[in-house]
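See structure below.
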There are 2 protein chains.
Amino acid sequence: MEKNDKQHKFAVIATDIVIFTIKNRELCVLLIKMGKEPFKGLWAVPGGLVKSNETVDSSAKRNLFKIVKKKDVFLEQLYTFGKIDRDPSGRVVSVAYFALLHDPDIFIKASNDNESIYWFPVNSLPKLAYDHKEIIHFAVERLRAKLTYTNIMFSLLPKEFTLSELQKKYEIILCEKLDKRNFRKKIMALNLVKKTDKRTSGKAHRPAHLYQFAQRSPKLIPLF
Amino acid sequence: MEKNDKQHKFAVIATDIVIFTIKNRELCVLLIKMGKEPFKGLWAVPGGLVKSNETVDSSAKRNLFKIVKKKDVFLEQLYTFGKIDRDPSGRVVSVAYFALLHDPDIFIKASNDNESIYWFPVNSLPKLAYDHKEIIHFAVERLRAKLTYTNIMFSLLPKEFTLSELQKKYEIILCEKLDKRNFRKKIMALNLVKKTDKRTSGKAHRPAHLYQFAQRSPKLIPLF
DNA sequence: CCAAAAGTGTTGCGGTTACACCCATGT
DNA sequence: ACATGGGTGTAACCGCAACACTTTTGG
């Protein structure tokens, strides 16, 4: 490895976090409106520079926690973006992560009224700062891919849920309709969920059974 | 994004390249013997710091090209390793890449006799510097995974090859024996290769047909 | 003629897909 | 009673795995 001749000759590192949820039957990402130039008025995913006393993963967790005051949030490294001019204020390489939230209402409102923070459907994003459009598209593709061979969907659902809710979320993210009977057969065959003795109520139709996940740790399982 | 208060408070970036080939029926990685402390005598994958005038990808290509004077080498970003103490000489985050070579003899011999460079089978690695053991294991897993849903094996084979050679390389990397007839059926059904009119000769057995790849660009194809 | 690897089809099984009707509740 | 989503089984089809012998060459 080369000698680190002059610190300023080299690039520094930031982490950027693409936070997903499903809201109003759409896959959404959390964006912050930038209050300062050069991107004033544009939107960006949360992030910040990696400090010398923290790991890259810690930096990602810290930047996520600035927005989402909750532990046990799914967070995974996505890809590292290293174009030279991606940040006009200097040479910054971004290690992007993606996170999954089942509850769209647990993020922190911005205190500074120059800043706003909102969920945007991935299909109608506003104008984005930096290379964040590319990062978000990358994250959506990764999410779709991982849905089909892991159980990470678990991170997008509350503790208890109906099988129809589960199916609906798969359909929203994968953008395809699934057969109800085949879907249930597959989910049950994998022993991923277990039935509780509770049911939904208050709706003008037959109540649905509520289910829980049998295991909440990430697992590789071909689903589709 | 935060303000970059003091340059030295933040981490800098290196790229490290895990270069694979298949040699003597084993999956091997290219390692360099370190000539200086603190890792003198240990081995490491090639790499170097990312300069302020190059992208991270360019840095990876440059560091690969220092060793392998050849264009059109498969090179893909692997993962970013960001533990605090992974480099004792300072805060360095490593963006790891992996590369695939079909010919184990095209790397450059070290000019400096303090340095040596060799292929090591991934199953008998020497003592490694930094966190390179972890990086190599990560790369092997990624390689195995991608073999089963892409056509990147193409990068590990010469222009012309027999189906038996192709099968043997799959078996070596995946560590499992494959059925000859089923393997050929699948490969042919995918239209990945085309038969040439050449054959092998000089061996004390029936000559084999030589094949070429129908397409040399990366493609997503479930293979196993 | 012997050794060594090349080349070639069929069958059975299991998992995936396609598909339609009755049930329980709220209004 | 009616509207709404919940819940259930079967049959056809397809892809995958298992499996053994003949062919061609060099020595």
Side-chain angles (χ1 to χ4, degrees), chain A residues 22 24-25 147-151 153 157-158 160-172 174-213 219-224, chain B residues 22 24-25 145 147-151 153 157-158 160-172 174-213 220-224:
Chain A
I22 292 179
N24 302 331
R25 303 187 170 218
L147 271 192
T148 68
Y149 64 90
T150 72
N151 61 353
M153 176 59 92
L157 283 157
E160 296 182 331
F161 53 90
T162 69
L163 293 183
S164 293
E165 287 163 3
L166 180 62
Q167 181 179 347
K168 200 174 297 164
K169 298 208 171 184
Y170 272 108
E171 290 175 339
I172 288 167
L174 298 178
C175 300
E176 61 179 310
K177 191 135 182 54
L178 303 172
D179 179 88
K180 194 192 339 185
R181 279 176 288 193
N182 293 337
F183 178 82
R184 288 171 184 234
K185 241 182 302 175
K186 183 170 286 185
I187 294 294
M188 299 317 286
L190 290 166
N191 287 320
L192 295 183
V193 299
K194 55 185 179 193
K195 198 185 274 192
T196 71
D197 50 6
K198 301 185 203 162
R199 290 158 191 251
T200 58
S201 66
K203 299 283 178 57
H205 55 76
R206 176 172 173 176
H209 288 273
L210 287 170
Y211 288 76
Q212 293 185 339
F213 295 115
K219 204 178 171 187
L220 289 178
I221 296 167
L223 288 160
F224 296 102
Chain B
I22 292 179
N24 302 331
R25 306 187 168 215
L147 271 192
T148 67
Y149 66 89
T150 72
N151 62 353
M153 177 58 92
L157 283 157
E160 297 181 330
F161 51 89
T162 68
L163 294 183
S164 293
E165 285 162 4
L166 180 62
Q167 181 179 346
K168 201 172 297 165
K169 297 207 172 184
Y170 273 107
E171 290 175 340
I172 288 167
L174 299 177
C175 300
E176 62 178 311
K177 191 134 183 56
L178 303 172
D179 179 90
K180 194 188 346 182
R181 279 175 289 193
N182 292 337
F183 178 82
R184 287 169 185 235
K185 242 182 299 176
K186 183 170 285 184
I187 294 293
M188 298 317 286
L190 290 166
N191 286 322
L192 296 183
V193 299
K194 56 185 178 192
K195 197 185 273 192
T196 71
D197 50 8
K198 301 185 203 162
R199 291 160 190 247
T200 58
S201 66
K203 300 284 178 58
H205 56 78
R206 177 173 173 174
H209 288 273
L210 287 171
Y211 288 77
Q212 292 185 340
F213 295 115
L220 289 179
I221 296 167
L223 289 159
F224 295 103

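As the structure is a prediction and not an experimental result, all values here were calculated from the model. Atom set for the values below is all heavy atoms of this structure, side chains included, hydrogens, waters and symmetry mates excluded. Chain letters run A, B, ... following the sequence lines, proteins first, then strands; residues in each count from 1.
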Which residues, if any, of residues 160-168 of chain B bring a heavy atom under 4.0 Å of DNA chain C?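 Within this stretch, B/Ser164 sit under 4.0 Å of the strand.
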By a strict heavy-atom criterion of less than 4.0 Å, which residues belonging to residues 180-194 of chain A are in contact with DNA chain C?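 Close to the strand are A/Arg181, A/Asn182, A/Lys185.
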Quick one: pull up CZ in B/Phe183 and CG in B/Leu163 and give me the separation to the nearest 0.5 Å.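 Nearest 0.5 Å value for the CZ-CG distance: 7.0 Å.
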Would you indicate whether the side-chain heavy atoms of [Y] and [X] approach each other to under 4.5 Å?
X        : Y        : value
A/Leu223 : A/Leu192 : yes
B/Thr162 : B/Leu210 : yes
A/Met188 : A/Tyr211 : yes

To the nearest angstrom, how far is [X] atom [atom1] from [N] atom [atom2]?
X        : N      : atom1 : atom2 : result
A/Leu178 : C/dT16 : CG    : P     : 14 Å
A/Leu210 : D/dG7  : CG    : C1'   : 14 Å
A/Leu223 : C/dG15 : CG    : C1'   : 15 Å
A/Arg206 : C/dA24 : CZ    : C1'   : 6 Å

From CA spacing to verdict: side-chain hydrogen bond (donor to acceptor under 3.5 Å, both in side chains), A/Ser164, A/Arg184: CA-CA 9 Å; A/Ser164 293; A/Arg184 288 171 184 234; 3.2 Å; yes
Atom of [X], atom of [Y] and distance for their closest heavy-atom approach:
X        : Y        : answer
B/Gln212 : B/Thr196 : CG-CG2, 3.5 Å
A/Leu178 : A/Glu171 : N-OE2, 2.9 Å
B/Val193 : B/Phe161 : CG1-CZ, 3.9 Å

Among the nucleotides D/dC19, C/dG7, C/dA4, which one has an atom lying closest to any side-chain atom of B/Ala208?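 When the side chain of B/Ala208 is considered, C/dG7 is the closest of D/dC19, C/dG7, C/dA4.
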Residue mapping more 5' on DNA chain C - nearest nucleotide basis, B/Thr200 or A/Pro207: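 Closest to the 5' end, via its nearest nucleotide, is B/Thr200.
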Could you pick out which residue, B/Lys203 or A/His209, lies toward the 5' side of DNA chain D when each is mapped onto its nearest nucleotide?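 Closer to the 5' end of DNA chain D: A/His209.
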